[in-house]
Amino acid sequence: MTDRNVQQAVQNIALRCEHVTVSFGALKAIEDVNYDFATGGVYGLIGPNGAGKTTLLNVLAGRQLQHQGTVRCNGDDISKLGANQRAQRGIGRSFQITKIYPAMTVAENLRIAAQIKHSRFMPFWISPRYDRKLAADVDDMLELTGLTAHRDDIAGAMSYGLQRALELGLTILPQPRILLLDEPLAGIGHHEIGPATQLIRKASEGRTVLLIEHNMDVIMALSEQIVVMSNGRVIASGTPQQVRSDPLVRSVYLGEE
Ligand SMILES: Nc1ncnc2c1ncn2[C@@H]1O[C@H](COP(=O)(O)OP(=O)(O)OP(=O)(O)O)[C@@H](O)[C@H]1O
Ligand SMILES: [Mg+2]
């Protein structure tokens with residue numbers, strides 16, 4: 001390959017882990033993880049409780065800076081960059097626990113996210129043009145998340161499923177190129193799983209996505225690639241079909257169900 005081709009190949013890797021290890025005292029939460037997440041791929045991260053999934057997402061999001069090894073984004077070493085700097089590079093992350101402003105309305109929550117997105121240009125006085133830009137972002141997210149009819153609802157009073165939909169809207173409002181989702185369906189009622197799955201599918205379009213989810217049907221349906229973790233290591237990866245039929249995976253994980 002020419003230098004230019006090598007450069008392009010590296011840039012097609014949205015996120016790369018090189019020998020990433022995270023220790024909490026004597027415990028290795030992640031041990032020597034090496035993995036390339038290709039640009040535009042939708043990756044499902046699975047593994048038993050305590051396997052190191054959330055820790056790996058934290059490492060990638062810049063919330064776990066104490067680690068060994070290297071994290072690269074489109075070829076650049078971002079290991080030392082904090083969460084805000086990574087967000088500026090297009091890495092967006094949601095949490096296992098909902099992060100919304102519960103006393104504010106849905107639209108107010110989204111407007112704050114829109115202001116943060118445009119904060120570099122935030123003027124002292126809000127011009128009509130700037131105001132329209134914020135309103136357009138809010139309306140786009142209301143539509144995408146299916147929350148238009150709930151725009152004036154108090155966020156904390158909505159069903160848990162709708163709160164999670166809002167949280168996803170807050171996460172993708174800045175249009176991250178890379179989306180890290182930690183159990184976006186956790187705690188959602190049975191009847192809300194279908195719509196929530198569809199929403200994640202929509203939010204994944206055109207993005208590189210890493211999704212942690214314990215619901216096997218959901219993660220197998222949404223992911224192009226499955227990455228299986230156990231005891232801090234990546235023990236297998238492949239298409240949902242390959243992973244389902246991998247005997248090692250079945251014994252450490254799927255077999256437990
Ligand atoms: N801040 C911390 N301090 C000490 N130990 C931690 C810390 N965070 C995680 N751990 C430990 O690291 C290991 C991996 O935890 P992690 O949260 O990454 O697992 P997980 O795969 O996300 O599990 P779950 O499916 O339950 O969310 C666990 O043994 C956990 O107890
Ligand atoms: Mg976790």
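Numbers for residues simply follow the sequence, beginning at 1. Values below: all heavy atoms of this structure, side chains included; hydrogens, waters and symmetry mates excluded. Please read these numbers as outputs of a predicted model, since none were measured by experiment. One-based numbering, in listed order, for ligands and for the atoms of each.
Near His214, with a cut-off below 4.0 Å to any heavy atom, the atoms of ligand 1 are 25 (O). Residue Thr55 approaches ligand 1 through these ligand atoms, each under 4.0 Å from one of its heavy atoms: 14 (C), 15 (O), 16 (P), 18 (O). Close approach of ligand 1 to Leu27 (heavy-atom distance below 4.0 Å) involves ligand atoms 11 (C), 12 (O), 13 (C), 29 (O). Within the listing of ligand 1, atoms 17 (O), 18 (O), 20 (P), 22 (O), 27 (O) sit less than 4.0 angstrom from a heavy atom of Thr54.
By the criterion of a heavy-atom distance under 4.0 Å, neither the backbone nor the side chain of Met229 is placed next to ligand 1.
Salt bridge Arg16/Asp36: present, at least one basic N to carboxylate O contact under 4.0 Å. Of the charged side-chain nitrogens involved, none lies within less than 4.0 Å of a carboxylate oxygen, so that Arg111 and Glu108 do not count as a salt-bridged pair. The residues Arg89 and Asp76 are annotated as salt-bridged, a charged nitrogen and a carboxylate oxygen being separated by less than 4.0 angstrom.
Using a cut-off of 2.8 Å, one finds that Asn49 contributes no N/O/S atom close to the Mg ion (ligand 2).
Side-chain contact check for Asp182 and Thr54: at least one donor-acceptor pair (N or O, by modelled atom type) lies under 3.5 Å. Using modelled atom types, one finds a donor on one side chain and an acceptor on the other under 3.5 Å when comparing Glu192 with Ser159.
Distances from ligand 1 to the non-hydrogen atoms of Gly52 include at least one value under 4.0 Å.
The one candidate from Thr145, Ile100, Leu147, Thr148 that meets the side chain to side chain contact (heavy atoms under 4.5 Å, CB included) condition with Val106 is Leu147.
Checked by distance only, ligand 1 and Gly50 come closer than 3.5 Å through their nitrogen or oxygen atoms.
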